There are 2 protein chains.
Amino acid sequence: MAEDDKSHLTLRDVSEASGVSEMTVSRVLRNRGDVSAKTRARVLEAARRLGYVPNKIAGALASNRVNLVGVVIPSLSNFVFPDVLTEISRGLEETPLQPVFGTSHYDLEIEEKVIYEMLSWRPSGLIVAGLEHTDAARAMMRNCGVPVVEIMDVDGSPVDANVGISHRRAGRDMARTILAAGYRRIAYMGTVKAEDYRAAKRLEGFEQALAEAGIRFEMREHYAGGSDFRKGREMAEAVLARAPEVDFIYCSNDMIGAGAMLHCLEAGIDVPGRLGLAGFNGIDLLEGLPRRLTSMDACRAEIGAAAARIVAARALGEGDEPQRIEFAPRLIHGETLRSR
Amino acid sequence: MAEDDKSHLTLRDVSEASGVSEMTVSRVLRNRGDVSAKTRARVLEAARRLGYVPNKIAGALASNRVNLVGVVIPSLSNFVFPDVLTEISRGLEETPLQPVFGTSHYDLEIEEKVIYEMLSWRPSGLIVAGLEHTDAARAMMRNCGVPVVEIMDVDGSPVDANVGISHRRAGRDMARTILAAGYRRIAYMGTVKAEDYRAAKRLEGFEQALAEAGIRFEMREHYAGGSDFRKGREMAEAVLARAPEVDFIYCSNDMIGAGAMLHCLEAGIDVPGRLGLAGFNGIDLLEGLPRRLTSMDACRAEIGAAAARIVAARALGEGDEPQRIEFAPRLIHGETLRSR
DNA sequence: CGAATTACTGTTTGCGCTAACAGAATGGTT
DNA sequence: AACCATTCTGTTAGCGCAAACAGTAATTCG
């Protein structure tokens with residue numbers, strides 16, 4: 001393939017090697033404009049022989065077009081986001097657009113920096129998780145001149161387009177389902193991260209529905225750090241030791257919920273008879289555990305796909321999609337909730 | 001913050017707004033060269049007021065420096081890779097470098113395209129998972145003029161730098177450990193993907209060690225698609241139904257292994273007495289399952305960190321790191337392997 | 001006090017490419 | 001033969017920024 005080590009090959013090198021102008025080479029390599037079959041072949045041969053790789057930096061500057069879409073998410077170690085990313089990638093596959101990822105570690109200041117970095121590459125669009133941002137970040141997104149889609153959450157005021165679910169409603173619906181199943185002494189286990197706005201909104205909706213039924217949490221147990229089975233186990237044990245009367249534990253996510261379930265089964269607790277459990281996210285990876293955990297699908301596949309569609313449509317100027325899409329989180333009844 | 005909608009602010013706009021030359025603005029914004037405190041303040045104020053975001057495309061073209069590091073991995077839906085990415089990000093945090101990710105879906109042709117795309121942005125370095133590539137991809141990496149680190153695997157010939165573990169050795173070591181524990185009727189459960197070269201190498205090493213002990217697999221069960229508990233359960237059930245004499249199942253990864261474990265426990269099979277189980281990757285997320293699965297740590301944190309270090313050192317010209325690093329996969333004995 | 005140094009700011013040039021336009025070659029039509 | 005349309009190729013200019021160099025003013029020093 002490549003023969004030359006002079007690692008700064010330019011259009012000029014290819015044009016000299018093939019005996020045509022730089023412009024013609026450019027046209028061939030971009031499939032733009034008419035070029036005779038013979039010339040095309042010569043150019044392609046030369047490019048391949050030299051191992052030429054076009055310089056998109058220069059191309060982007062000259063054409064004022066950058067086929068990148070910035071995607072800003074809180075973290076990669078949370079199941080949810082890799083899923084969404086995968087779906088966004090798939091959604092952009094048929095377009096000339098390419099996603100570029102950045103993570104904010106659930107920190108709005110970092111998020112602001114990441115957005116700034118992304119915008120400094122003048123992408124064709126931006127997809128950002130969540131509706132909470134610093135003022136500066138919001139201003140940048142408002143003025144960047146490209147489509148911005150805020151995803152995952154719809155409880156708030158988007159800067160531009162918005163695709164997600166209502167986490168408040170998700171919490172409320174889950175609470176009502178649990179109450180309808182007859183549980184009354186309910187505990188919460190969730191992250192202590194104030195920056196997980198969506199978990200906070202679910203909790204808020206949940207508590208609101210409880211309040212409407214004249215009920216309050218028996219207790220709330222918080223944790224810091226990542227979510228895994230072990231943490232769920234330990235916390236469930238602690239909760240049940242301190243408040244044995246509890247008959248349901250609502251968990252802020254599926255990993256914790258599954259850990260709690262594993263503890264209960266091992267401790268010989270009747271699930272869902274004596275104690276019910278529910279999580280959030282509908283992580284299908286967990287299918288195959290001894291009991292299917294009651295959960296709620298966050299529609300992350302749909303969200304990723306819709307966000308990709310909106311950005312693509314707007315960036316490529318092919319008509320405008322509806323700009324606000326709210327999906328309805330689907331209850332996954334599972335086997336850790338009495339059905340009656 | 002921003003006031004103007006004219007979304008194409010340039011250095012000139014800031015320079016006019018602050019009454020200095022473009023060059024001085026550029027210097028202020030990059031903290032390069034001496035600028036008086038007064039001028040600096042004026043420029044910063046103007047930039048902030050206008051909502052100016054520098055154009056890195058232009059900056060990169062002019063300076064011939066792009067502070068991006070391309071990272072090419074097979075997939076995001078595999079635990080392992082988000083982990084490595086996170087570690088690479090962390091490793092680059094203290095440098096001016098920023099990672100940019102792309103996925104190949106375990107397809108070398110796609111990988112070639114992704115590498116081509118990445119190189120067309122003229123990054124400061126490239127980190128690629130695996131040692132298997134198309135000839136064209138290898139040629140591009142050889143001639144791109146920036147540090148290239150192939151990660152995860154060391155069984156093969158790297159183009160440039162290389163950090164990883166020997167999967168062959170990992171398989172061999174695991175087999176020996178299993179044999180030493182007295183198991184003799186061994187089955188394999190793994191992906192059918194011929195493109196998962198590392199899993200194939202582990203299998204190869206494993207079989208070699210078995211052969212040295214005069215043993216062959218009782219059976220090999222393959223599956224396609226993603227790895228989850230359910231699949232592990234189903235396959236374990238199938239294996240034990242067809243070959244009840246099997247006393248150990250070696251699984252190509254932890255998810256499958258954990259699924260198999262869940263099946264066995266539910267079926268009342270004595271683990272590890274009657275049947276032993278092992279996986280691969282040492283996924284700590286799984287801690288908290290009823291039994292700790294025997295596994296092998298793939299050193300993905302160390303690999304990510306080392307790759308980041310090498311790229312940073314080479315790209316920033318701060319001396320050269322050792323170019324080939326092999327980590328030793330650590331056995332995680334777990335509770336699904338007899339200890340004797 | 002003049003020269004040398006330092007501190008700061010400006011000018012010119014070009015990175016590698018593409019948009020826009022201009023021109024040449026070819027073929028068909030009247 | 002003159003004309004036009006079509007097909008192909010080349011020329012010019014400039015995208016927004018930073019490197020290199022060129023000042024100018026303020027300060028230091030012998």
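Every chain is numbered from 1 and lettered A, B, ... according to where its sequence line falls, protein lines coming before strand lines. Keep in mind that what you see is a predicted model, and the values were worked out from it rather than measured.
A sub-4.0 Å separation between OP1 or OP2 of dC15(D) and a side-chain N or O of Arg122(A) is absent. OP1 or OP2 of dA18(D) has at least one side-chain nitrogen or oxygen of Arg30(B) nearer than 4.0 Å. The phosphate of dC17(C) (OP1 or OP2) has no side-chain N or O of Ser26(A) nearer than 4.0 angstrom.
Remark: Arg49(A) engages Glu45(A) in a salt bridge, criterion side-chain N to carboxylate O under 4.0 Å. With respect to Asp153(A) and Arg198(A), no salt bridge is recorded, no charged nitrogen being found less than 4.0 Å from a carboxylate O.
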*Might you work through the salt bridge (Lys or Arg N to Asp or Glu O under 4.0 Å) test for Arg314(B) and Asp160(B), ending with a clear yes or no?*
CA-CA 12 Å; Arg314(B) 297 255 312 262; Asp160(B) 181 4; 3.0 Å; yes

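For the salt bridge (Lys or Arg N to Asp or Glu O under 4.0 Å) with Arg90(B), the lone residue among Glu87(B), Glu94(B), Glu93(B) that qualifies is Glu87(B).
Proximity of a side-chain donor or acceptor of Asp107(B) to a complementary backbone N or O of Ile110(B) within less than 3.5 Å is detected. Ser124(B) places no side-chain N or O within donor-acceptor distance of the main-chain N or O of Val69(B), the cut-off being under 3.5 Å. At least one donor-acceptor pair closer than 3.5 Å links the side chain of Ser89(B) to the backbone N or O of Leu85(B). The backbone N or O of Val35(B) lies less than 3.5 Å from no partner atom in the side chain of Thr39(B), so there is not a single donor-acceptor pair.
Distance Leu29(B) CG to dA18(D) P: 8 Å, rounded to the nearest Å. Remark: C1' of dC17(C) and NE2 of His8(A) are 16 Å apart, rounded to the nearest angstrom. The CZ-P distance, from Arg32(A) to dT9(D), rounds to 17 Å in whole Å. Taking atom CD on Glu16(A) and atom C1' on dG10(D), their separation rounds to 15 Å, with Å as the unit. Put simply, CZ on Arg65(A) is 12 Å from C1' on dC17(C), counting in whole angstrom units.
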*Scan nucleotides 7-15 of chain C nucleotide by nucleotide, 5' to 3', and note B when protein non-hydrogen atoms come under 4.0 Å of the base, S if they reach only the sugar-phosphate, - if neither.*
-SBBB--BB

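Between the axis at the start and the axis at the end of the helix from dC1(C)-dG30(D) to dT30(C)-dA1(D) there is an angle of 50°, using five pairs per end and rounding to 10 degrees.
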